[in-house]
Structures are given as structure tokens and as C-alpha cells.
Amino acid sequence: MGLRARITRPGIAARLLAWYSDHHRDLPWRRTSDPYRVWISEVMLQQTRAQAVIPYYERFVAQFPTLESLAGAREEQALAAWSGLGYYSRARNLLKAARLAVAAGGFPSDYDAIRGLPGVGDYTAAAVSSIAFGLPCAAVDGNALRVVSRVKNDASDIGSMATRRRFAETVTGWLDQRRPGDFNQALMELGATICLPRQPLCDECPIRDGCLAATAGSAAGLPVKLRKEDPLHIRATLFVVRRRGRVLLIREDSGARRMAGFWRLPTTEDLPGATPRERLGEFRHSITRHRYLFEVYASSGGLPACPAPTSAAAGACAWFSPAELPTIPLATTARKALNLAGIPRSS
DNA sequence: AACCCGGGGAA
DNA sequence: TTCCCAGGGTT
């Protein structure tokens, strides 16, 4: 075994780690090993690119520097800090988890306890366990699945659980037991910067020698993901109603399936009697499978102070000044429409 | 296993 | 425009 190790090239892990130490991005959450901050960053990074996370992470940890400070926050505060980042159940679960952890005596330090926190699945539990606590857990995200599919030149559908399980076992086989956190980050960094989805930069790849897809020339077509559904196109109208320097917003009901508790602009459904004064413009907005085309109209006068909601799902309404907008959970559609109306949300 | 959830940046 | 991103929860 010693002889074999001497005459063979370095393994996947060694090559990844050597490459990572020279080429990794300087991201803010890589400057700490505080489990709380590692956890915050990993939740924010769920389905969200690193570059998009950076400003949110900086603001969030400035506002909630410790687990205890987050546990003591109101949900509105956490949602306001998350506003614009999307997948808002992440913020709700973050708050629940913080309170559970504080009640249990602090942030958990073993995999099963971390995995048991709301909003923490297999990936996030492995990432936090390895990065913050040095535990030998393979963190298998979309990047890792892509790298494995190419290294193995495996065209199995990564939407299937069987494929994911098999690919995860491959990563576990590669995992560096002594530096699991760096290994996991190195593999993801490779996927994020070299092993790109459409046009992989194989010439710059540290593990090209061991990559069957690079040899076969099939890398750009991997991984295979079968499912795709037709999007729904929807048109809607939003009203910007101003009164004494304030704008009218509607609060999505707490039990709503989407955007519960968030403030949005009124629609024709909310204000059936509204008379559009001026067309301010239009914008497109995608929510999961829905593709909206919003038309934005200014409307003024002739409205009750706080019109009774007409739809069963509608919640409260209120008037807000521009300065108050950063302190509430504001829907991104409202932010876009208010920009058209010349009422930027000062962030 | 299928479906749902936001939003943005890159190609 | 399309794709998909350091995914997780619910049914």
C-alpha cells in the first residue's frame, strides 16, 4: 500500500485541497468558524448564489451577531432582514431553530442534533458539521452532484433519489477525513467556478486527469436532469396609492401559502373600485413556476382610509412612509413596483 | 416520489 | 428568454 501510494498520482481529495488553498474565493463566512455564523451562511446559500448572499449575510450577522440575539428577535425582524432573498420559510425556520437551540443550551455540536433543527436537511447538516466542527460528513449539493456525474461520466437522472444516494456515496469515498470542511468547500468551489453547468473550464480543472467526461468530451451535457414543466403566464395589475407621503400596502395573511406575513401592493382584487390615474410601467417577475407580467398604475383619492379586503386570503392593510419600508417584510414585487413609482426602498 | 417555495445572475 | 443555484418541507 505504501509503495502504491508512492507511485500513483495524488487522489481526488489531495488535488482538490491543493487547488482550493490557492484558488478559493474570499467569502465573508470563510473568515469565521463560529458555528452560528456558518449555519446562517449555509441556510442563506440554499438555492442561492454566493454573490447574492454576501450583502444579506453581512447585514444579518451585524443585526443578529449571536444565536441568542436571533432567538430573541421577532419574526417580523428576521423576515425584514431576509426580504429579497427568497424562500422565506428559511427565515422562519432559522428563527425556530435558534430558539430551540438556545432552549437546549446552545448550538448543537453533533450531526444528528444539527440535522434535527428545522430548515436543516442532509446537505446543511453535513456542511455545518464539517466546516464548524470538523466532523467527517460529505456535504452533497448541486455542485457536488454535477462534479460526480462528470468524473464518473454518469448520465443517470440526478432528480432520482437512487442517483443522489449513489453519487453521495462517491463523495463520501473521496472525503478527506482530516479536513472534511475544506474538502467539502473545495468540491463545491470547483463546481461553482470551474466545473460550470453549461461550459465547464476543463483546461483549468485540477482533477481533469481523473474525469471520465472530460476525456469523453461529454462534460457539458452532464448532469442529466429529466423533469421540466411548462411555466404559467399570468398578468396582473398593481396599484400605487399615495396619501400624505405614505403608500398603501396589504399584508398577506399569516396562513397564506405564499409570502405569509409579507406586505405587498394592492391589486384590482383588493381595490375593485380603484380608478387608475397614470400608468407607471410594467415589469416581469418569476415565482417558482409562475411568470407574472405586472402593470403598475398610480391611483389616488376616492378610496376608504383602509379598504376592506375583498378576497378571503387578504389580511390587514396599512399606510407606510418610504423610511419604514426597510423595517418590514416587503415583497419583491412591491419593491419593483415602488421603484417604477419613484419610491425606492432605502436599504 | 412529486410538488411547492423566491429571486437573481449568467449564458 | 432559459437555466439553475452551497435545498428543505409537505403530502
Side-chain angles (χ1 to χ4, degrees), chain A residues 20 24-25 27 29-30 38-57 79 82-94 96-97 114-131 137-147 157-165 168 171 181 183-193 195-201 220-221 223 225-233 252 256-260 262 264 283-293 329-336:
Chain A
Y20 180 69
H24 69 83
R25 293 168 291 177
L27 302 169
W29 46 89
R30 288 181 175 156
V38 171
W39 168 56
I40 298 295
S41 73
E42 289 301 339
V43 173
M44 287 186 169
L45 286 162
Q46 291 167 5
Q47 296 298 102
T48 311
R49 292 175 190 277
Q51 287 304 319
V53 166
I54 290 173
Y56 286 90
Y57 173 83
L79 290 176
W82 208 272
S83 178
L85 200 51
Y87 283 117
Y88 297 101
S89 64
R90 294 186 292 176
R92 301 181 210 280
N93 284 330
L94 208 63
K96 287 183 198 166
I114 296 169
R115 176 66 177 82
L117 294 172
V120 175
D122 291 343
Y123 163 77
T124 303
V128 174
S129 295
S130 62
I131 295 169
C137 310
V140 184
D141 70 333
N143 289 306
L145 293 174
R146 186 169 58 254
V147 173
D157 173 27
I158 61 166
S160 112
M161 283 305 300
T163 303
R164 290 183 181 227
R165 197 175 301 114
V171 178
F183 170 85
N184 283 331
Q185 293 189 80
L187 186 58
M188 294 188 283
E189 190 80 349
L190 186 78
T193 64
C195 200
L196 302 172
R198 289 194 175 76
Q199 196 169 346
L201 308 176
K225 194 184 296 183
L226 290 183
R227 171 177 132 267
K228 72 167 180 182
E229 302 139 47
D230 295 343
L232 268 49
H233 296 268
E252 205 69 57
R257 287 171 61 254
R258 289 193 286 269
M259 309 295 292
F262 273 69
R264 58 174 176 79
F283 66 92
R284 288 174 167 77
H285 184 76
S286 293
I287 300 176
T288 62
R289 185 185 322 177
H290 307 82
R291 293 182 185 170
Y292 291 94
L293 176 57
L330 187 67
T332 293
T333 52
R335 185 157 48 246
K336 289 180 176 178

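Order of the sequence lines fixes the chain letters, A, B, ..., with proteins taken first and strands second; residue numbering starts at 1 for each chain.
- If you check every strand for non-hydrogen atoms under 4.0 Å, A:R258 touches sugar and phosphate atoms only.
- Using a 4.0 Å heavy-atom cutoff across all strands shown, A:R30 reaches at least one base atom of the nucleic acid.
- On the P atoms, B:dG8 is 24 Å away from C:dG9, given to the nearest whole Å.
- Within the 4.0 angstrom heavy-atom criterion, no nucleotide atom of any strand lies near A:S89.
- Residue contacts shown for A:M44 are absent, as no nucleic acid heavy atom lies under 4.0 Å away.
- Separating the P atom of B:dG9 from that of C:dG8 is a span of 23 Å, rounded to the nearest Å.
- In terms of phosphate contacts, A:H285 brings no side-chain nitrogen or oxygen within less than 4.0 Å of OP1 or OP2 of B:dG6.
- Looking at heavy-atom distances under 4.0 Å, A:Q51 makes no contact with the nucleic acid at all.
- Of the residues in residues 118-128 of chain A, not one places a heavy atom less than 4.0 Å from an atom of DNA chain B.
- Nucleic acid contact for A:W29: base, since at least one base atom lies under 4.0 Å from a heavy atom of the residue.
- Although no hydrogens or angles enter the test, the distance criterion places no donor-acceptor pair under 3.5 Å between the side chain of A:T163 and the main chain of A:M161.
- For A:R165 and A:L196, each mapped to the nucleotide of DNA chain B holding its nearest heavy atom, the one lying further toward the 5' end belongs to A:R165.
- Computed from coordinates, the A:H290 NE2 to B:dC4 P distance equals 8 Å when rounded to whole Å.
- OP1 and OP2 of B:dC4 both lie 4.0 Å or more from every side-chain N or O belonging to A:Y87.
- The nucleotide range of DNA chain C contacted by chain A, defined by atoms under 4.0 angstrom from heavy atoms of the protein and reported 5' to 3', is C:dT1 to C:dG9.
- Remark on DNA chain B: of its neighbouring residues A:G84 and A:G159, the 5'-side contact belongs to A:G159, judged by nearest-heavy-atom nucleotide.
- When rounded to the nearest whole Å, the span between CZ of A:R289 and P of B:dC4 equals 4 Å.
- Under a 4.0 Å N-O distance rule, the pair A:R264/A:E252 qualifies as a salt bridge.
- Among the atoms of the strands shown, base atoms are found under 4.0 Å from some heavy atom of A:L27.
- For the C1' atoms, the distance linking B:dG6 with C:dC5 amounts to 12 Å, nearest Å.
- A:R258 and A:T288 share no donor-acceptor pair across their side chains, judged by distance under 3.5 Å alone.
- If you take atom C1' in C:dC4 and the same atom in B:dC5, they sit 15 Å apart, rounded to whole Å.
- A side-chain donor-acceptor contact under 3.5 Å links A:S83 to the backbone of A:L330.
- Comparing B:dA11, B:dG8, B:dG6 by their nearest atom to the side chain of A:T288 picks out B:dG6.
- Ring-plane geometry between A:Y57 and A:W29 is classed as perpendicular, the angle between the planes exceeding 60 degrees on a 0 to 90 degree scale with a lower cut at 30.
- As judged by a 4.0 angstrom heavy-atom cut-off over every strand, A:R92 is placed among residues making no nucleic acid contact.
- In the set B:dA1, B:dC4, B:dG6, B:dA1 carries the atom at the smallest distance from any side-chain atom of A:M161.
- Among the atoms of the strands shown, base atoms are found under 4.0 Å from some heavy atom of A:L85.
- Taking 4.0 angstrom as the limit, A:K336 places a side-chain polar atom (N or O) nearer than this to OP1 or OP2 of B:dG8.
- Between A:Y292 and A:H290, the ring planes lie parallel to each other; the angle is under 30°, not in the 30° to 60° tilted range.
- Side-chain N/O atoms of A:S286 include none lying less than 4.0 angstrom from OP1 or OP2 on B:dG7.
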